[in-house]
Each structure stands twice: as C-alpha cells, then as structure tokens.
Amino acid sequence: MPTRFFDTYTREVREFVPLNPPNVSIYTCGPTVYSRAHIGNFRAYIFEDLLQRHLESRGYRVHRVMNLTDVDDKTIRGAREANVSLEEYTKPFKKAFFEDLETLRLKRADEFPAATESRYIARMIEMISQLRARDLAYQAEDKSVYFRIKKFPNYGKLAHLNLDELRPSGRVRTDEYEKENIGDFALWKAWDKEDGEVGWDSPWGHGRPGWHIECSAMATALLGDEVDIHCGGVDNIFPHHEAEIAQSEGCTGKKFVRYWLHCAHLLVDNQKMSKSLGNFYTLPDVTGKGYSGRELRYALLRVHYRVPLNFTWTGMEEARQALARIDEWRQRLAEVTGSQRQSNNIIQPRDDFSRALDDDLNISAALGYLFEVIRQTNRALDADELGADSARFWLDWWEKVNRVLAVDEVTSVALPKEIELLANQRTEARLAKNWRASDQLRDELSARGWDVRDTKEGQKITRRAGIQP
RNA sequence: GGCGGGGUAGCCAAGUGGUAAGGUCGCGGUCUGCAAAACCGCUAUUCGCGGGUUCGAUUCCCGCCCCCGCCUCCA
C-alpha cells in the first residue's frame, strides 16, 4: 500500500508522490517567539515529527524547514513593554523553544529561518516587488502594501471560503480603511511610532513585513518554488496558508504546495487551548507535575492528528502506564538475548505498524499492532518459549518502530548509596525468609520512590515514574 | 449564516457492507511467602437520534440533535 495523506486542498486522502523522490521537502509553520510555546503548539510539532520520521522510515530523504516568527505585533509590543530590543526580547523564547523540542524528542528541522534575518527580509521585499509589478499588490494611502485578493481567483480555495459571504467576526481591524477590499492582507506594514526601533527600509518606505509573506519567502528561498508538504494547525488554514498560496503562486506561477496537512487542536475542557483564552499549559507546567517529556510526547502522539485531542491528567497517567508496559517488555527481551534459550514459538511479524502509518498516519492502529506484539511476545516469554534469536529479532523490530515513535527510555539510573544499602538489607532479609523485614524495607524503598519487584533472578529496583531525583 | 472536524465501553481510541483492534481503569484467576510485573478471563447484543437502501448498516443514503474549530492575531 502506498503512503497516503489527507490533503486539505482537495479534501481527500491522496497517494503521496513527491516531486523529486526520494527527496521530500516539508515546510512547517513554527512558533511566534513572543512567549513560551504551549503544549497545544507542540501537538502540531509532534505530528510533524511523526510525519517526518515515518517518511524517513519509508526511505524518503526529508528536508524540513521550520520558521521562527520573531517580528510581529506581539513581539514588538512585548519588547516595548519590557523596554528591551526586539532581539533581546525574543532570544529567551527562542532558547526555550529549542529546549522544549529536545525534551519532547522532536527532530530538529534542517533549517530554522527567522523572519528578521536580512536575507529573508530581502527576499520578502523582492517578492512584494514582483507582486506589485503584476498588479497583485498595491500601496495604500497609509503607505502599507496590501495583496489584492480580487486579482487572485484561487484565493479562498484552500479554506473553501466564499469571500463574498464572509461574516465580520469582530476581529477585522476597522482602522484599515485604506484597503480596497476588506480581505486584502498586508504584505508590508508601514512604520508606526509603536514600532520604535523595529523596521527596515524598502521601496515603499520604512516598515516591516506582514506575517504571511515571511513564510512564502522562507519556504521558496530554502525549498524552491514547489514544496511537497506544508503543515500547520487547522487555524492556519485561513487566512495564513491561503495568503501563502496567493503570494507564492502570485510570484512563481507554479503550484506552491503539493500536499497540505493540518493538525486538529489540542483542547482543554473540550475547548481549544490558546494563549488568548488563558487555558494553556507549557511544557514546564507538565514536567513540573512530574511527567517526563516522553510521557507528554506519547500522550500527544497517540491520537490521530486530524482528531481534536482533549488534554487531561488522566490521559497523562494512561500514557505513563502504556510506556511502562513498553519499557518492561523491552527489558525482558533484552535479558533473553543473553540467554541460551531456544525459540519454539515463532511469532510471525507483520508490517502492520508501518502500513497503518502509511494510511494518513493512523497512529492508533499502529500502536494497536505494537501492543499486540507485546502481548504475544510476553506470553511466549512467560512460557519460556521465546529464545535469544527471537528476542533479538523483536528488539530490532522495536528499534525500527522506536525510530518513528521516539519514546524509548534510554537512561538507566544508578542506585543511590542509601537505596542500594536498603536493597542489600532486603536481599539478606529475604535469604533469611524474614518476610516482615523484607516487606518493611520494600515499603521504605517505595516511600522513597523506588519500586521493588521480586523475580526468579532476585529483586529488581526501578525508580517510579514521576518521581524527581 | 458559510466552511471544516468530531459524537464507538468508566476514560482514551481504531475500524469494516457480514456482525466491534488496542491502550487505560476496575473485577476474578495463574504466578508469588505477600506483593509487583506478565499472562488468562470478565467488562459495548452495540457504535449520538430517527428514517431509508440491503439477506445483512456502526459502516452507504436522507433528515435531525449535540460538542469543537475557522470565517483576516492563532499550531
């Protein structure tokens, strides 16, 4: 079965055929660095990470770009209020963003272009000039330059909006009287005293780029006129991605994006998680409650990207338990690889994991197969029917699966001195069949955050998830 | 109002025109000195509601209800 994705533009699941296989270009809208990204933002990035990893597992060579929006109304306002330069203001948020990426095990994009980099400002100016030359843009009385949507017949096609029927939502800025059409969007915003030091010279005067043009400029500059996949949250469909199409195709005359993939929102109490509603959590909010990055990663990863996902602490707990199950299974397999045990119960592997992901990233079905494998192999392990060769096979299989999921627990923590002491005491108590002392020591270890399990090979001690060292 | 997404067990969630994957929780069992982990069994006669098509519908068609999002800041 070929890889297939749901394309927002055509509203159908389509076979994925990149322009230049095996190369795949992906452009993903990144964060606006005016505050710390919330976990709803990261749901989108985790989805994009899964997309990239799956494509790579299928042999594609992915070139991915994620932009950083470091100049817009909010960053300018933030800098002004903090009384620092724009650059100083956005720097810590950029840093935090990269830290969060690492915590969530997100593969870094190949490039993270920032809107304020001079080469991209130059590219934006170049594109706006082209659009003006083609009459697709005009400078209004307020000196700002706007895109003339009436001249671009496909405008509205991605969102399936009939522009004549747009209902004013109250968010339309009523002070933009100068525009020819209410739907025309800014390509270049004329300098305003609120902008302070922020601004660049352009053929239309001092000012700054509009939000949409930066993505068109960076995408085409780094990936060419045609991009295989463009991703983002559903809230970016309109107007942002619609505008990107208009700008890019207005300049190049070529189909800008072959596949549009959009991620549904992360909800809190069944409402969209957003900064403006104030109902959001950042990654530190989650890790502060004792959850690890991989637990959050799993919690956000396990639901199909086009389905709204309600974030709950119960969900985090479910993720933790599921991961513990995987960890335990992996550990058991690893132990058997060193044994002389023979296999007499061959479990036939199937390609169901990757095939599920081929089907528009059907992660639930993929995980369903993973847990089926876990149950079957555990059963064989219980029956002493799974040998070293088979264990190695399934560990290899898991490695491939984990290259896509990236949820493996890698660190094994050394026992602290006092824990080791208690553990040794317990071993002795058990040899003496002093169950009372043994149980007391187990309780003691548990109270300190260490779980004890007795096995044929002796007691095993692991740090309980969620306990900070 | 327009355009989308969703409604499947306590919770999360796949899925197919042929009789409901998986995770989590709970209960019972095997194992264990007791636990834990693992495994086994149980937990949706039923897939928002009402019609229709069909031998058969959760799946297709029609109508309706509810939730969420977008409609020019937004992942």
Side-chain angles (χ1 to χ4, degrees), chain A residues 8 11 28-32 34 37-48 72-74 149 156 159-169 171-173 176 179 182-186 211-212 231-240 242-243 262-267 270-277 298-299 302-304 306-310 312 314-315 317-322 324-325 328-329 331-332 352 356 362-372 374-376 378-383 430 433-436 438-439 442-443 446 451-456 459-460 462:
Chain A
T8 308
R11 309 264 164 160
T28 53
C29 287
T32 301
Y34 73 104
H38 60 65
I39 59 173
N41 301 128
F42 283 107
R43 184 195 185 188
Y45 307 143
I46 286 172
F47 140 66
E48 290 152 3
D72 79 320
D73 290 353
K74 281 181 268 195
I149 61 169
H160 291 211
L161 284 178
N162 182 342
L163 296 168
D164 299 328
E165 292 175 4
L166 287 191
R167 171 193 269 206
S169 69
R171 289 183 7 190
V172 183
R173 285 186 56 179
E176 292 180 334
K179 294 196 290 187
I182 189 75
D184 290 352
F185 54 89
W211 176 45
H212 312 303
C231 308
V234 286
D235 49 359
N236 270 340
I237 296 172
F238 193 88
H240 187 51
E242 199 72 62
H262 291 99
C263 177
H265 285 130
L266 186 65
L267 313 177
N270 286 308
Q271 281 214 314
K272 175 183 168 182
M273 183 179 287
S274 73
K275 296 265 173 72
S276 50
L277 289 171
Y298 184 87
R302 66 182 174 144
V303 174
H304 188 258
R306 283 194 290 117
V307 175
L309 164 56
N310 200 28
T312 61
T314 322
E317 207 52 45
E318 289 180 5
R320 166 170 293 171
Q321 294 308 325
R325 185 123 185 264
E328 185 66 31
W329 167 71
Q331 190 57 40
R332 287 185 81 184
D352 290 20
N362 188 342
I363 187 71
S364 302
L367 292 174
Y369 178 62
L370 167 63
F371 283 103
E372 215 174 281
I374 289 176
R375 184 160 29 75
Q376 283 178 5
N378 271 335
R379 194 190 298 151
L381 285 164
D382 279 358
R430 292 184 61 72
K433 293 200 189 293
N434 184 349
W435 306 129
R436 176 190 268 276
S438 162
D439 290 353
R442 184 167 64 197
D443 291 345
S446 176
D451 287 330
V452 183
R453 300 202 337 254
D454 298 311
T455 72
K456 285 175 196 164
Q459 69 182 3
K460 292 198 173 165
T462 48

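Quick note: numbers below take in every heavy atom, side chains included, and nothing from hydrogens, waters or symmetry partners. Convention: sequence-line order gives letters A, B, ...; per-chain numbering from 1.
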Ignoring the backbone of A/P308, work out which of B/rC12, B/rC70, B/rG5 is nearest its side chain.
-> B/rG5
Across the strands shown, which category fits A/H38 at heavy-atom distances under 4.0 angstrom: base, sugar-phosphate, nothing?
-> base
Rounded to whole Å, the CG-C1' distance (A/D454 to B/rA36) equals 8 Å
Nucleotide of B/rA37, B/rG69, B/rA14 approaching A/H265 most closely (side-chain heavy atoms) = B/rG69
Within the modelled atom types, does a donor on one side and an acceptor on the other bring the side chain of A/R442 and the base of B/rC34 under 3.5 Å apart?
-> yes
In terms of ring plane angle, is the pair A/H240 and A/H212 parallel, tilted or perpendicular, where the classes change at 30° and 60°?
-> tilted
Ranking B/rA14, B/rG69, B/rG23 by distance to the side chain of A/V307, first place goes to B/rA14
Starting from P on B/rG2, measure out to CD1 on A/I237 and report it in whole angstrom.
-> 19 Å
Would a distance-only check, ignoring hydrogens and angles, find a side-chain to backbone donor-acceptor pair under 3.5 Å from A/E48 to A/T28?
-> no
Side chain of A/E372: nearest nucleotide among B/rA21, B/rC12, B/rC3?
-> B/rA21
Select base, sugar-phosphate, or nothing to describe what A/N270 touches, counting heavy atoms under 4.0 Å on all strands.
-> sugar-phosphate
Is the distance from OP1 or OP2 of B/rC70 to the nearest side-chain N or O of A/K272 less than 4.0 Å?
-> yes
Taken to the nearest whole Å, NE2/A/H160 to P/B/rG5 is 10 Å
Do the side-chain N or O atoms of A/R379 get closer than 4.0 angstrom to the phosphate oxygens (OP1, OP2) of B/rC40?
-> yes
Between B/rC73 atom P and A/F185 atom CZ, what is the distance in whole Å?
-> 13 Å
Which part of the nucleic acid, if any, lies within reach of A/K74 when heavy atoms closer than 4.0 Å are counted: base, sugar-phosphate only, or nothing?
-> base
For the side chain of A/D382, counting heavy atoms from C-beta on, which of B/rC34, B/rU72, B/rA38 is nearest?
-> B/rA38
Please evaluate the base of B/rG33 for a donor-acceptor partner in the side chain of A/D439 within a cut-off of under 3.5 Å?
-> yes
With the side chain of A/Q321 defined as its heavy atoms from C-beta on, choose the nearest nucleotide among B/rA21, B/rC25, B/rG69.
-> B/rC25
Separation of A/E242 atom CD from B/rC71 atom P, in whole Å?
-> 13 Å
Among B/rG33, B/rC39, B/rA13, which is the nearest nucleotide to the side chain of A/R430?
-> B/rG33
Checking B/rC70, B/rG4, B/rC12 against the side chain of A/R302 (C-beta onward), the nearest is B/rC12
